[in-house]
Number of protein chains: 2
Amino acid sequence: MVARKERVGQIPLVSPFPGETKFQLKEPVASQGEVDPRPSPVRNVLLRRLSFSSRLKSTHSRLCIQACSTNDSSQHQCPSLAFSTENSSTRGWRVMGTLLGLGAVLAYHDHRCRAAQKSPHIYTREEVKSHSSPETRIWVTLGSEVFDVTDFVDLHPGGPSKLMLAAGGPLEPFWALYAVHSQSHVREILAQYKIGELSPEDKLPPTLKTSDPYANDPVRHPALKVNSQRPFNAEPPPELLTETYITPNPIFFTRNHLPVPNLDPDTYRLHIVGPPGRKPLSLSLDDLHQFPKHEITVTLQCAGNRRSEMSQLKEVRGLEWRTGAISTARWAGARLCDVLAKAGHQLRATEAHVCFEGLDSDPTGTAYGASIPLARAMDPEAEVLLAYEMNGQPLPRDHGFPVRVVVPGVVGARHVKWLGKVSVEPEESHSHWQRRDYKGFCPSVDWDSVDFDSSPSIQELPVQSAITEPKEGEMVEAGEVTVKGYAWSGGGRAVIRVDVSLDGGLTWQVAELDREEQRPRKAWAWRLWQLQAPVPPGKKELNIVCKAVDDSYNVQPDTVGPIWNLRGVLSNAWHRVHVRVAS
Amino acid sequence: MVARKERVGQIPLVSPFPGETKFQLKEPVASQGEVDPRPSPVRNVLLRRLSFSSRLKSTHSRLCIQACSTNDSSQHQCPSLAFSTENSSTRGWRVMGTLLGLGAVLAYHDHRCRAAQKSPHIYTREEVKSHSSPETRIWVTLGSEVFDVTDFVDLHPGGPSKLMLAAGGPLEPFWALYAVHSQSHVREILAQYKIGELSPEDKLPPTLKTSDPYANDPVRHPALKVNSQRPFNAEPPPELLTETYITPNPIFFTRNHLPVPNLDPDTYRLHIVGPPGRKPLSLSLDDLHQFPKHEITVTLQCAGNRRSEMSQLKEVRGLEWRTGAISTARWAGARLCDVLAKAGHQLRATEAHVCFEGLDSDPTGTAYGASIPLARAMDPEAEVLLAYEMNGQPLPRDHGFPVRVVVPGVVGARHVKWLGKVSVEPEESHSHWQRRDYKGFCPSVDWDSVDFDSSPSIQELPVQSAITEPKEGEMVEAGEVTVKGYAWSGGGRAVIRVDVSLDGGLTWQVAELDREEQRPRKAWAWRLWQLQAPVPPGKKELNIVCKAVDDSYNVQPDTVGPIWNLRGVLSNAWHRVHVRVAS
C-alpha cells in the first residue's frame with residue numbers, strides 16, 4: 001500500500017476497504033463489555049455477519065489525493081490516492097483491521113459457496129439499471145460481469161452513499177477516481193457478489209446518433225448529476241464534491257452553453273488581435289507553450305450555483321443547480337498578460353475590456369463570448385491564464401480543450417472555453433452572456449421590467465459556503481454530528497472563518513478550516529471545512545446552517561428572499577440542511 | 001447670489017431661505033382652488049402667518065457644495081454653497097419665491113413691532129442652554145445677541161430639525177457650515193426674534209483647565225454628537241451627514257484614541273525608516289510637498305460605525321456609535337508608494353507590512369500605531385496617501401495635523417493621524433489596536449474565550465449602508481415618503497445598487513444613486529441615495545429598511561445577531577428605521 005504524505009490535496013476520506021490493515025481510528029474501539037445503546041446499520045450487519053460482540057462506533061481512515069504534477073501526466077490520469085499515516089492510535093486500527101479482515105474472509109467464503117450453487121445468468125444493461133435501490137436490490141457491473149451488492153452496501157467503508165452512486169451501472173468510472181480499488185483483494189471481495197454476465201450486445205459502449213449536434217459530445221462520468229443534457233450541464237454529488245480538495249477532472253462541474261467542439265490540437269490556432277497598427281498573433285498550441293508556464297489552484301463557480309434554493313421560493317429562469325456548480329482544479333498555462341504584451345497591448349488610461357470568443361457556436365454561427373476588464377487581464381498579480389492543463393492533464397474536452405481562459409476569483413461565465421480569439425475593445429463583449437445574462441437585480445425586477453443595461457455584468461463573486469454533509473433529510477446518529485462543506489469568496493479574498501449552527505442560526509460554532517495555503521490577495525481556491533459537535537441531548541432534529549466570512553469581513557445574507565433575482569444567480573444565503581436525529 | 005454649476009459634491013438640499021427668489025420646485029404649485037387634504041406644520045404656519053390660500057405641497061431647491069480645490073484654500077475654509085439652476089419649472093419657483101419673499105417681509109414687520117415694545121434683557125449662556133425645546137422655548141445666540149426662534153423653527157426652510165441642532169447655543173458654527181446664511185436679509189429676519197443680550201462674562205469663549213491632558217484638544221463643532229469627550233469621539237447627526245457629498249471638516253466624524261498632540265508645522269519631521277543599509281529619511285512638511293501631489297475623494301469609516309445596534313442586542317465593549325462614524329473628504333498629499341520608493345523600499349517576495357506610528361501618546365509614552373500590507377502600500381493604484389490637506393485645507397488638528405495616512409477602502413483605524421514614523425516590517429504592527437482590537441469574531445466568542453491571534457486584523461471593510469432620513473420614531477406625512485442615506489463598500493468596490501423596503505424587507509424598491517464618478521476598482525467614496533415612494537394607503541407605520549450591493553455582488557446580512565461580536569465592530573446588517581404615518 002502507498003503511504004505518501006504529500007500535503008497537497010490531502011483531506012480525510014472514509015476508507016473504501018474493510019480488509020485494509022492500515023485503518024486509523026478516529027475514536028478508540030469501545031471496551032468489549034460496553035453496550036452501545038444506539039442502533040447502527042453498519043454495526044448490525046457486522047454483528048450478524050461476523051458475530052463480533054465488540055462495538056464499532058466509527059471507523060475512519062485518512063486518505064489523501066495527491067494533486068497532479070504537470071510533468072507526470074501519464075501517471076495522473078486521475079489524481080492518485082494514498083493513505084496518509086500522519087496520526088497515531090496505531091494499535092486501534094491494527095485491531096480493527098484484523099477484525100474487518102477476518103470479516104471479509106468469512107463473508108468471502110459464504111458467498112463463494114452461494115456462487116458455486118448457481119449458474120451465471122445473462123442480463124441486459126437495461127435490467128441492471130432497474131436494480132438501483134434496496135427495494136429492487138442493488139446491481140452493478142464491472143467489465144462484462146454483473147454483481148448484486150445489496151448486502152455489501154452497508155459494509156462499504158467509503159460509506160453506503162458512495163457505493164450507491166454506482167447503483168444500476170458500471171463501477172469503472174468510480175474505481176478510476178479512487179485508485180485504492182485497484183488491488184486484487186477488492187476484486188476478490190466483489191467476485192462473491194457476482195450474479196451473472198452482461199448480454200453480448202451490451203458489452204459494447206452505446207453509440208450516439210450522428211445527426212445530433214451534440215453527437216460529438218464526450219462521454220461523461222456517471223456520478224455527475226445532470227441538470228441539462230443538451231447543452232451538457234452537470235454537477236458532482238455533494239458527497240464527492242468535498243471528498244478531495246482538488247476536484248478530479250471527470251467529476252468537475254460542467255457548464256456548457258453549446259455543443260462541445262471537436263478541435264484538432266495540431267491545427268488549433270488562437271488569434272490575438274493586436275492594437276491598431278500591429279499584426280495579430282496566430283498562436284499554435286506549441287507557440288502557447290513557449291510562454292512561461294504558470295500554474296495555480298483556482299476554484300470555479302457558476303453564477304447559478306445553488307439556484308435551486310431561489311427557485312424553491314419563486315420561479316426563476318435557469319438550470320436547477322444545487323450546491324455542486326463549483327469545483328477546484330490546478331490549472332496551468334500561459335499568463336494572459338504575457339500573451340497580450342507579446343501582441344503589443346499595454347494598459348490604457350481609459351477603461352478597456354479583453355473580449356474572449358469560444359470556438360463553440362450555435363447553428364447561426366454565434367460563438368460563446370465574454371469579457372473582463374483590461375486592468376485585470378494585464379495585472380500579473382491577477383494571474384489570468386490561457387490554460388492548457390487541468391490537474392496535470394491536457395484540458396478535458398468538456399473543460400475547453402485545447403485552451404480555455406481561467407480568471408481567478410471571477411464568475412465561471414468569463415472563463416471562456418475552446419478559446420478562439422482574444423481582442424482588446426473599448427467596451428465589454430457584446431455577447432448575450434455578457435450583456436443580457438449573468439447580472440444581478442433587485443427582487444422586485446421581473447421579466448417585464450428588467451433593464452439589463454442597468455446592472456453591471458457579474459465579475460467577482462460574493463462570499464459563499466455550503467454544507468455537503470450531512471444531506472437534507474438524512475438521519476444522523478445521536479451523540480456527535482460531523483458537518484462538512486466548502487467556502488470560497490471572489491476576488492482573491494480568503495475565507496477566514498466559517499460559522500456553523502445546529503439550531504437554525506440561534507447559536508454558532510466555528511468550523512475547522514483545512515490548512516491549504518491561502519496567498520494574501522490571491523486566495524483563488526476554496527477552503528474545505530468541518531465541524532464535529534455534540535448533538536444537543538434530546539434533540540429530534542437539527543437545522544444545520546453555515547455561513548462564511550471573507551478577509552474583507554463580507555458575510556453571507558441570512559435568507560434567500562431578499563437576494564432573489566429573476567435569473568437565479570448569486571444565490572449565497574446561509575446554507576441550511578435539516579436532518580433528523582436517530583433516537 | 002452665487003449660481004455655480006460645478007458637478008463635484010452636488011446633491012439636493014432643502015433651501016434655507018424662505019425669501020430666496022431662485023427656488024426650483026420639484027412639483028408644480030397646485031391650482032389655487034385645490035385643497036390639500038393632508039396637514040403640514042410648515043404649511044399651517046405659513047397659512048396662519050401669511051394668510052395665503054394657495055397650496056404649498058413641497059418646496060425644494062437644489063443646492064450644491066463645491067468641493068474645495070487645493071489651490072484656493074483661503075476661500076474654502078468650509079465648502080462653499082451655491083444654488084444650481086440646472087432644472088426648469090422656473091416660473092413655478094418665481095411664483096413661490098415671490099410668495100415666500102412677501103411672507104418674510106410680513107413676518108419681519110410683525111416682529112419688528114414686537115421687538116420695539118420690549119427692552120433688551122441680559123442672559124447667561126447657561127440660561128440660553130436651558131431653552132432648547134418647544135416646551136422651554138428655543139433660544140439661540142449670534143455674537144452677543146440672544147434670540148427666541150421658537151416661532152421661526154417651523155418656518156426654517158432647511159427644515160426644523162436643522163435649526164434645532166443649534167437650539168440653546170450659538171448659531172455661528174452652523175452658519176459657518178452653510179454659507180448661504182451670510183446674507184444681510186437673513187440677519188434682518190433673525191433680528192425680529194431678538195430677546196436680549198448675553199451677560200458680559202459669557203461673551204468670552206470658555207477656557208480649559210491646563211492640568212488636563214486633553215486641555216489642548218481643539219474646540220469642536222456643537223453639531224457633533226459626542227460619544228466620548230476624552231479621548232474625543234463624535235459623529236455628525238444623520239440629518240447633516242448626507243446633506244452634502246463632501247462632509248465639511250468641522251462635522252467630519254472624529255475618532256481619537258488619545259489626546260490631540262499640538263504639533264509645530266515648522267519643526268515637524270516624518271521619519272521613514274529605510275531598508276537595511278539605507279539611511280532613514282527625515283521629511284519636513286516642505287519635503288513632503290516636493291513629492292507629486294495626489295488628490296482623491298475617500299470615505300473613512302470607523303470599524304465601530306453602527307455599534308449601537310449591536311449593543312442593543314447584547315452588551316459590547318466600545319463607544320455607542322450610531323450611523324455617523326463615517327464621513328467623506330477630498331484628501332491631498334504625497335503617495336506613500338513614492339515616499340517609500342524614495343526611502344529605498346521595494347516590493348518583496350515575502351509578505352511584509354508598513355507600520356505607522358502616531359505622535360499622539362498615552363502617559364507611558366505609547367503611541368497609536370497600525371499597519372497595512374506592503375503590497376497595498378506600494379501599489380500606485382491603491383493610492384495610499386500621506387495626506388496634508390483635507391477639503392483644500394491643512395488637516396484640522398482633530399484629523400491629524402500636519403500629516404495623516406489615508407488608506408482608501410480600508411477601515412479608519414489604519415489611517416494613522418499625527419504621523420511620526422513609517423517603517424517596513426516582516427510582521428504587522430505590534431500595537432494594541434492592530435493585534436488586540438479591530439478584529440471580527442464569531443458571535444459565540446466572549447471575553448473569556450477570545451483569542452485575538454485567531455482572527456485577522458480588519459483591513460478592507462464590508463459593504464455598508466444606512467438610512468439618514470427619516471429618523472427613528474419620526475412622524476412622516478401620508479402620501480409620499482422620502483428616504484435618504486449613504487452606501488459604501490471597502491476595497492474600492494463600487495456600490496451598484498441600494499434596495500429600500502417600506503415593509504420590513506418583504507418587498508423592495510431600487511433607490512436612486514447620486515451620480516458621483518465611481519472609478520473602476522477605485523470607488524473609494526460613498527454614494528448618497530434617495531427614494532421617493534408612495535406610502536401604501538392606510539398604513540399607520542412603516543418599517544423602512546435599506547441594503548446595498550457592491551460590484552462584487554456582496555450584500556449586507558439581514559440581521560445583526562449573527563454578526564454580533566464582543567467588540568461591536570463590522571455592524572453592517574440591513575439598517576432599519578421605524579416611523580409613524582400622520583393620519
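Nothing here was measured: the structure is a model prediction, and the numbers come from that model.
There is no side-chain donor-acceptor pair under 3.5 Å between B:Ser571 and B:Glu309. Side chains of B:Glu383 and B:Trp524: a donor-acceptor N/O pair is present below 3.5 angstrom, by distance only. Counting only N and O atoms by type, the side chains of A:Ser552 and B:Glu460 include a donor and acceptor under 3.5 Å apart.
Here CH2 of A:Trp529 is found 6.5 Å from OG of A:Ser465. Values are rounded to the nearest 0.5 Å.
Looking at B:Glu428 and B:Arg414, no side-chain N of the basic residue comes within less than 4.0 Å of a carboxylate O on the acidic one, giving no salt bridge.
Heavy-atom distances place the side chain of B:Leu570, and not its backbone, under 4.5 Å from chain A. Using a 4.5 Å cut-off between heavy atoms, B:Gln556 contacts chain A through its backbone alone, with no side-chain atom that close. Within the 4.5 angstrom heavy-atom criterion, atoms from both the backbone and the side chain of B:Pro562 approach chain A. Looking at A:Pro520, the atoms closer than 4.5 Å to chain B (heavy atoms on both sides) all sit in the side chain, from C-beta outward. Both the backbone and the side chain of B:Thr559 come within contact range of chain A, with heavy atoms under 4.5 Å apart. Proximity to chain A is limited to the side chain of B:Arg493, based on heavy atoms less than 4.5 angstrom apart.
Highest contact tally toward chain B, considering only A:Val410, A:Ile458, A:Val569, is held by A:Ile458 [criterion: heavy-atom pairs under 4.5 Å]. Among B:Asn554, B:Leu461, B:Asn572, the residue with the largest count of heavy-atom pairs under 4.5 Å with chain A is B:Asn554. Among the candidates B:Asp499, B:Asp551, B:Thr507, the residue making the largest number of heavy-atom pairs closer than 4.5 Å to chain A is B:Asp499. Counting heavy-atom pairs closer than 4.5 Å to chain B, the top residue among A:Ile496, A:Asp550, A:Val510 is A:Ile496.
Shown here are the ring pair (Phe, Tyr, Trp, His ring centres under 6.0 Å) partners of B:Trp574, two or more places apart in sequence or in another chain: B:Trp508.
Taking every heavy atom of both residues into account, B:Gln434 and B:Ser457 meet most closely at NE2-OG, 3.3 Å. Nearest heavy-atom pair across B:Ser501 and B:Gly505 is OG-N, 2.8 Å. The shortest heavy-atom contact between A:Arg306 and A:Ala466 is CD-CB, 4.4 Å. When all heavy atoms are compared, the tightest approach of A:Gly561 to A:Leu313 is CA-CD2, 3.3 Å. B:Asn305 and B:Ala325 make their closest contact through OD1-N, 2.9 Å (heavy atoms, listed as atom of the first residue, atom of the second, distance). The heavy-atom pair separating B:Arg515 from B:Arg527 by the smallest distance is CA-NH2, 4.3 Å.
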Going through the checks in order, is the side-chain contact (heavy atoms from CB on, under 4.5 Å) test met by B:Ile544 and B:Val500?
CA-CA 7 Å; B:Ile544 310 178; B:Val500 176; 4.1 Å; yes

Derivation of the side-chain contact (heavy atoms from CB on, under 4.5 Å) call for A:Glu351 and B:Arg521
CA-CA 11 Å; A:Glu351 191 70 356; B:Arg521 297 168 298 283; 3.3 Å; yes

Mind running side-chain contact (heavy atoms from CB on, under 4.5 Å) on A:Gln301 and A:Val411 for me, showing each step along the way?
CA-CA 6 Å; A:Gln301 185 184 205; A:Val411 64; over 6 Å; no

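Using a 4.5 Å cut-off between non-hydrogen atoms, the part of residues 443-455 of chain A that approaches chain B consists of A:Pro443, A:Ser444, A:Ser455. Contacts with chain B (heavy atom to heavy atom, under 4.5 Å) involve these residues of residues 435-442 of chain A, listed by number: A:Lys439, A:Gly440, A:Phe441, A:Cys442. Residues of residues 373-381 of chain A having a heavy atom under 4.5 Å from any heavy atom of chain B, listed by number: A:Pro373, A:Ala375.
Residues B:Leu542 and B:His578 are not in side-chain contact: their nearest non-hydrogen atoms beyond the backbone lie 4.5 Å or more apart. Within the 4.5 Å cutoff, the side chain of A:Lys314 has no heavy atoms near those of the A:Val560 side chain. Two residues are said to be in side-chain contact when any heavy atoms from C-beta on lie closer than 4.5 Å; B:Lys547 and B:Val463 fail this criterion.
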